[in-house]
Amino acid sequence: MNRVESTDSRAVFWAAPMLLGLLLIFGGTLVGAALLSSGKIGQGMAPLAAYVPLAGGCLAASFWGARRAPAHRLPMGMLIGVLLLGCLFVLGLTLRDAAFAAPAAGITAGISLTASLLGAIPGAAAKKKKRRK
């Protein structure tokens, strides 16, 4: 493998963390919905059942994205969170065919950006392991 091939494979470092984040968010939301419908948690916990998977998915995705970034790790980790938020907004507006609600969008953006920052900081500070050749 020459140098050009090795840099091309790292050019899309954000794809796997994005998929992980989406999987954690949708999986956690599905578990929360199952708990709500079975009656194990009350209706008052519905927002918590939606926002905890959102925060966890953004945190994990930005941590892993900052860890995988070839350079400028902190901004790249935050970029993963912003891209994840954009994906969620686009999916929410197209699949649910719901109207845009500013308060809900603000809460979702605040939670995801805060969680992305909290995930990107330790991800950027972590040392990479040296690979043996």
Side-chain angles (χ1 to χ4, degrees):
M1 183 192 294
N2 61 21
R3 281 188 161 244
V4 175
E5 291 176 9
S6 67
T7 58
D8 287 342
S9 66
R10 295 185 72 172
V12 288
F13 71 93
W14 51 267
M18 284 286 295
L19 290 175
L20 171 76
L22 288 172
L23 180 71
L24 287 175
I25 291 170
F26 292 143
T29 305
L30 184 63
V31 168
L35 289 173
L36 278 169
S37 67
S38 69
K40 298 216 187 258
I41 59 175
Q43 291 294 327
M45 300 293 283
L48 192 63
Y51 293 138
V52 168
L54 173 67
C58 288
L59 188 111
S62 65
F63 176 81
W64 196 27
R67 198 82 186 153
R68 289 178 51 123
H72 308 291
R73 296 168 112 193
L74 183 63
M76 292 301 161
M78 284 298 296
L79 178 66
I80 299 292
V82 171
L83 288 173
L84 195 58
L85 178 63
C87 279
L88 291 174
F89 277 152
V90 167
L91 286 172
L93 291 175
T94 57
L95 293 180
R96 290 186 344 181
D97 200 26
F100 182 78
I107 291 171
T108 303
I111 289 172
S112 63
L113 293 176
T114 302
S116 295
L117 180 64
L118 293 176
I121 290 173
K127 293 182 181 179
K128 281 192 171 183
K129 294 180 181 178
K130 293 183 181 179
R131 294 185 181 177
R132 295 183 186 181
K133 292 182 181 181

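These numbers were taken from a predicted model, which means no experiment stands behind them.
- Ala105 pairs by the side chain to side chain contact (heavy atoms under 4.5 Å, CB included) definition with Phe89, Phe100, not counting sequence neighbours.
- Cluster partners of Phe63: none. The rule joins Ile, Leu, Val, Met, Phe, Trp and Tyr whenever side-chain heavy atoms lie under 4.5 Å apart, and it links nothing here.
- For Ala16, the side chain to side chain contact (heavy atoms under 4.5 Å, CB included) partners are Trp64, Arg68, not counting sequence neighbours.
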Validation: residues 45-62 side-chain donor-acceptor distances under 3.5 Å, sequence neighbours left out:
{"unit_1": "Ser62", "atom_1": "OG", "unit_2": "Cys58", "atom_2": "O", "d": "3.0"}
{"unit_1": "Ser62", "atom_1": "OG", "unit_2": "Leu59", "atom_2": "O", "d": "3.2"}
{"unit_1": "Ser62", "atom_1": "OG", "unit_2": "Ser116", "atom_2": "O", "d": "3.0"}

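- Grouping the Ile, Leu, Val, Met, Phe, Trp and Tyr side chains by contacts below 4.5 angstrom, directly or via other members, places Leu83 with Ile111.
- Between Ala66 and Ala124, the shortest heavy-atom distance links the atoms CB-N, 3.8 Å.
- Taking Leu23 as the reference, nothing meets the side chain to side chain contact (heavy atoms under 4.5 Å, CB included) condition, with sequence neighbours excluded.
- In this structure, Leu88 is not a member of the same hydrophobic cluster as Leu118, with clusters built from ILVMFWY side-chain heavy atoms closer than 4.5 Å.
- The two atoms that bring Arg73 and Arg67 nearest to each other are NH2-O, 3.2 Å, heavy atoms only.
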Determine all donor-acceptor pairs shorter than 3.5 Å in which one atom belongs to a side chain in residues 28-43; sequence neighbours excluded.
{"unit_1": "Thr29", "atom_1": "OG1", "unit_2": "Ile25", "atom_2": "O", "d": "2.7"}
{"unit_1": "Ser37", "atom_1": "OG", "unit_2": "Ala33", "atom_2": "O", "d": "3.3"}
{"unit_1": "Ser37", "atom_1": "OG", "unit_2": "Ala34", "atom_2": "O", "d": "3.1"}
{"unit_1": "Ser38", "atom_1": "OG", "unit_2": "Ala34", "atom_2": "O", "d": "3.1"}
{"unit_1": "Ser38", "atom_1": "OG", "unit_2": "Leu35", "atom_2": "O", "d": "3.2"}

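- Residue Ile121 is grouped with residue Met78 when hydrophobic side chains (ILVMFWY) are merged at heavy-atom distances under 4.5 angstrom, including chains of intermediate members.
- Put simply, CG on Leu85 and CD1 on Ile80 are 13.0 Å apart, with the number rounded to the nearest 0.5 Å.
- Atom CG of Leu74 sits about 11.5 Å away from atom NE2 of His72, to the nearest 0.5 Å.
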